[in-house]
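Atom set for the values below is all heavy atoms of this structure, side chains included, hydrogens, waters and symmetry mates excluded. Since we're looking at a predicted model, the values are computed, not measured.
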Amino acid sequence: MSRRYRRLFAGLATLLAAATMLLGCTRTVEGAPAMAGSGDVPRNDDSERQYPNLLKECEVLTEDILAETVGADPLDIQSTFVGAVCRWQAANPAGLIDITRFWFEQGSLDNEREVAQKLEYQIENRSVAGVQSIVMRPNDPNGSCGVASDAGGVVGWWVNPQAPGMDACGMAIKLMELTLATAS
């Protein structure tokens, strides 16, 4: 192939690649924009009144309270993620502990139970602060534990020690009790 044809071929290939990229990255999406909560699913408008601490998202409990609950120094805890799920890591004398909180306004305790069953966790039905809850224990050598409660959707705490020998369930249950407190 002559030099001239190679240049022409390279130019056409570049033009074709650019056109493909432009066409592949643009598309029209049908529908109309809608504000969050404006769909067909009814909102939990009584959540704020019934469980005022839920709406504080990641600030429902201060880092001092989180640290105290898991036996860590308040100076040895840090937030590692804030979003639909809130995460912290704390250092207690026995080792590092990962703490996770979630609240899904449209979630359900039944869904959390179903997921825990599929993951083959040990599940215990329990009332926490008078609210129907489940305690979940995966087959984890470090003894991680989660608690989910039927409160304005579903709210949960997971405590995941990075070393064995801690009462992760006691910690998770205490965090849930504090979260479900009706006084803000």
Side-chain angles (χ1 to χ4, degrees), residues 36-37 41-117 119 121-138 140 142-162 165-184:
V41 179
R43 291 190 51 86
N44 283 324
D45 292 330
D46 65 340
S47 298
E48 185 173 7
R49 186 175 22 79
Q50 191 172 4
Y51 303 104
N53 284 338
L54 291 180
L55 299 179
K56 294 178 183 173
E57 305 282 333
C58 295
E59 294 84 36
V60 66
L61 301 176
T62 66
E63 286 188 355
D64 288 353
I65 291 173
L66 289 172
E68 179 184 326
T69 304
V70 299
D73 185 311
L75 299 175
D76 289 332
I77 187 168
Q78 65 179 357
S79 175
T80 60
F81 183 79
V82 174
V85 184
C86 310
R87 293 185 183 150
W88 299 267
Q89 190 170 66
N92 98 356
L96 289 176
I97 300 172
D98 295 316
I99 306 164
T100 306
R101 177 194 186 270
F102 64 86
W103 176 45
F104 302 118
E105 187 178 10
Q106 301 300 328
S108 73
L109 188 59
D110 288 339
N111 186 60
E112 293 302 311
R113 181 187 326 275
E114 184 179 317
V115 170
Q117 287 170 338
L119 294 171
Y121 291 173
Q122 295 174 17
I123 303 167
E124 172 192 339
N125 293 314
R126 185 180 183 125
S127 175
V128 177
V131 177
Q132 183 182 2
S133 305
I134 57 173
V135 176
M136 301 164 284
R137 292 177 182 87
D140 172 33
N142 295 334
S144 64
C145 186
V147 178
S149 296
D150 186 19
V154 65
V155 64
W157 285 97
W158 275 93
V159 175
N160 301 298
Q162 292 185 13
M166 294 182 227
D167 181 13
C169 285
M171 295 172 186
I173 291 167
K174 180 64 176 175
L175 291 169
M176 185 62 76
E177 289 170 347
L178 293 168
T179 302
L180 295 174
T182 55
S184 47

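- Of the inter-residue distances, the one linking Ser127 atom OG with Leu180 atom CG reads 9.5 Å to the nearest 0.5 angstrom.
- Scanning all heavy atoms of the two residues, the minimum distance from Val155 to Met176 falls at O-CE, 3.3 Å.
- Under 3.5 Å, the side chains of Trp157 and Thr100 contain no donor-acceptor pair of N or O atoms.
- The shortest distance between side-chain heavy atoms of Asn160 and Ile97 does not fall below 4.5 Å.
- In this structure Arg137 satisfies the salt bridge (Lys or Arg N to Asp or Glu O under 4.0 Å) test together with Glu124, sequence neighbours excluded.
- For Ile65, the side-chain contact (heavy atoms from CB on, under 4.5 Å) partners at least two apart in sequence or on another chain are Leu61, Thr62, Thr69, Leu178.
- Listed here is the closest heavy atom pair of Asp64 and Pro74: OD1-CB, 3.3 Å.
- When the side-chain contact (heavy atoms from CB on, under 4.5 Å) test is applied to Gln117, the partners found at least two apart in sequence or on another chain are Arg113, Ile123.
- Across Ile134, Val131, Leu109, Ile173, a single residue satisfies side-chain contact (heavy atoms from CB on, under 4.5 Å) together with Ser149, and that is Val131.
- Counting only heavy atoms from C-beta outward, the side chains of Cys145 and Tyr121 never approach each other to under 4.5 Å.
- Considering only heavy atoms from C-beta on, Ser79 stays 4.5 Å or farther from Cys86 through its side chain.
- Annotation for Ile77 and Ala67: closest pair CD1-N, 3.9 Å, computed over non-hydrogen atoms.
- Counting all heavy atoms, side chain and backbone alike, Met171 lies closest to Met166 at CE-CB, 4.2 Å.
- For the pair Phe102/Val154, a side-chain contact is recorded, criterion being any heavy-atom separation below 4.5 Å from C-beta on.
- With sequence neighbours excluded, the residues satisfying side-chain contact (heavy atoms from CB on, under 4.5 Å) with Asp167 are Cys169.
- Atoms CG and CG, from Asn92 and Asp76 in turn, are 9.5 Å apart once rounded to the nearest 0.5 Å.
- Every residue two or more places apart in sequence or in another chain that forms a side-chain contact (heavy atoms from CB on, under 4.5 Å) with Gln162 is listed here: Gln89, Leu96, Asp98.
- Considering CG of Asn111 and CZ of Phe104, their distance stands at 9.5 Å, rounded to 0.5 Å.
- Nearest heavy atoms, Arg101 versus Trp88: CB-CZ3, 4.0 Å.
- Contact check for Pro138 versus Ser144: side-chain heavy atoms found under the 4.5 Å cut-off.
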